[in-house]
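Just so you know, ligand 1 is whichever comes first in the structure, and atom 1 is the first atom listed for that ligand. Being a predicted model, the structure only gives us computed values, none of them experimental.
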Amino acid sequence: MLNKLVVGNQKMNLTANQTRKFLNSFVPLVDLVNCDVGICVPYTNINVCKKALKESKILYGAQNVSEFEKGAYTGEVNAQMLADVGCQLVIVGHSERRKMFSEQNSQINNKIKQNLKYNLTSILCIGESKRDRTAGQTDKVLCKQIDECLSGLYENELEKIVIAYEPVWAIGTGQTATAKQIEEAISIIKNEISRIYSKSIIDKVRILYGGSVKPENVREFVKIKNLDGFLVGGVSLDASAFSELIHLFVDGKGKK
Ligand code: 13P
């Protein structure tokens, strides 16, 4: 069985110095916790993570990567550069990038392939909008995102993929999906992956939930079948609240 995994997506927040302070408080709070913990920071803060997490098992990574290998792509950062500064994780296909930067499934697919070349784990975000859900299109939308983002990948490469189910309407809104909705989404994701690949691979792909998860509501999600962890936005900026969330998830106890 794979370890549980909780990853913070700090989005476009914190300077290098603020990240250093954050990690100084956060690391001792979670270093011994019985689950994988990761943090995805702005590019400028990756080297801070590299230094601060040298002796720690906390994983770190980026929130995006170029779909291109290298060359004249002003402003881009490639997978090789991320691997070179010790990243293990890269978030791809976040709904904020899909919406605000018009990122397409085909580009996300290229990004995942670049990550694979450098042995980086992709956290692939998928999720339906409120409109999709109301129109009864959730399963269609999730399956299309999976099919197109994973297109051309071999089954053994799925071990480097984590899927984050993040319904767009639950991100930063304070409105979470219900346990039933998350369970349904997980089962759609698992069915689609086993349809494309085989049943045996499905337990090797971790599935996270993201969208307004906080210490106050995390216990509602603990019982969800086949849920392997969370991708956490806002709360991951606060070392104490984020560690509390992780402890509540893993051992049912809040502060250490
Ligand atoms: P919030 O936890 O702030 O809703 O953000 C979720 C998210 O977008 C994680 O990638």
Side-chain angles (χ1 to χ4, degrees), residues 4-14 18-19 22 26 30 35-43 45-46 49 58-65 82 87-101 103 108 111-112 115 120-130 132-133 141-142 145-146 149 161-179 181-182 185-186 189 206-222 224 227-249:
K4 301 272 183 212
L5 170 68
V6 182
V7 179
N9 171 12
Q10 294 194 323
K11 307 196 180 181
M12 196 173 73
N13 293 291
L14 306 190
Q18 289 168 331
T19 299
F22 167 87
F26 183 62
V30 295
C35 100
D36 293 342
V37 174
I39 187 98
C40 291
V41 299
Y43 293 135
N45 300 344
I46 291 172
C49 294
I58 298 174
L59 309 166
Y60 63 91
Q63 301 163 13
N64 188 26
V65 64
L82 296 180
C87 288
Q88 299 107 322
L89 307 171
V90 184
I91 295 173
V92 293
H94 193 281
S95 66
E96 286 152 12
R97 297 209 57 83
R98 292 176 186 263
K99 191 168 153 207
M100 288 184 265
F101 305 97
E103 214 167 272
I108 297 162
K111 291 177 184 210
I112 292 175
N115 286 342
L120 295 164
T121 294
S122 299
I123 302 178
L124 167 63
C125 301
I126 61 171
E128 81 288 359
S129 66
K130 189 96 217 166
D132 298 328
R133 178 162 282 278
V141 168
L142 296 181
Q145 288 173 338
I146 291 171
C149 293
I161 306 290
V162 172
I163 295 190
Y165 169 59
E166 299 207 314
V168 180
W169 48 271
I171 294 176
T173 58
Q175 189 190 352
T176 58
T178 63
Q181 286 169 330
I182 298 171
I186 292 173
I189 294 165
R206 286 186 280 194
I207 303 179
L208 314 181
Y209 166 73
S212 300
V213 184
K214 43 190 183 195
E216 294 76 19
N217 60 24
V218 67
R219 300 289 299 154
E220 293 166 27
F221 305 121
V222 173
I224 297 177
L227 181 67
D228 298 301
F230 303 101
L231 185 56
V232 182
V235 166
S236 74
L237 295 167
D238 177 330
S240 153
F242 190 30
S243 93
E244 190 180 359
L245 184 158
I246 294 167
H247 282 279
L248 282 166
F249 173 52

Next item on the list: Could you point out which residue of Asn217, Val213, Val218 forms a side-chain contact (heavy atoms from CB on, under 4.5 Å) with Thr176?
Entry: Asn217
Item checked: Enumerated ligand 1 atoms positioned under 4.0 Å from heavy atoms of Leu231 -> 9 (C), 10 (O)
Note to self: Looking at ligand 1, would Lys214 count as a contact under a 4.0 Å heavy-atom criterion?
What the structure shows: no
Next item on the list: Heavy-atom contacts with Asn9 under 4.0 Å: which atoms of ligand 1 show up? List them by number with element.
Entry: 9 (C), 10 (O)
Next item on the list: Return the orientation label for the Phe26 and Phe242 ring planes: parallel under 30°, perpendicular over 60°, tilted otherwise.
Entry: parallel
Notebook entry, point to check: More than 12 non-hydrogen atoms from neighbouring residues, nucleotides or ligands closer than 6.0 Å to CE on Met100, yes or no?
Noted result: yes
Margin query: I'd like to check which ligand 1 atoms, numbered from 1 as shown, lie under 4.0 Å from a non-hydrogen atom of Gly234.
Written below: 1 (P), 2 (O), 3 (O)
Notebook entry, point to check: What are the two closest heavy atoms between Lys11 and Pro42, and how far apart are they?
Noted result: O-CG, 3.5 Å
Next item on the list: List the atom of Cys125, the atom of Glu166, and the distance in Å for their closest heavy-atom pair.
Entry: SG-OE1, 4.0 Å
Note to self: Any nitrogen or oxygen of Gly172, side chain or backbone, less than 3.5 Å from one on ligand 1?
What the structure shows: yes
Next item on the list: Indicate, as side chain, backbone, both or neither, the part of Ile171 found under 4.0 angstrom from ligand 1 when only non-hydrogen atoms are considered.
Entry: both
Notebook entry, point to check: Quick one: ring-ring contact (aromatic ring centres under 6.0 Å, His included) partners of Tyr60, sequence neighbours excluded?
Noted result: none
Check: Nearest protein heavy atom to atom 9 (C) of ligand 1, by residue and atom, and its distance?
Finding: Glu166 OE2, 2.9 Å
Notebook entry, point to check: Which residue and non-hydrogen atom of the protein lie closest to atom 6 (C) of ligand 1, and at what distance in Å?
Noted result: Gly233 N, 3.7 Å
Margin query: Using a 3.5 Å cut-off on N or O atoms only, is Glu96 in polar contact with ligand 1?
Written below: no
Margin query: Let's go through Asn115 and Ser122 carefully: what are the C-alpha distance in whole Å and the side-chain angles of both, what is the deciding distance for side chain to side chain donor-acceptor pair (under 3.5 Å) to 0.1 Å, and is it a yes or a no?
Written below: CA-CA 7 Å; Asn115 286 342; Ser122 299; 2.9 Å; yes
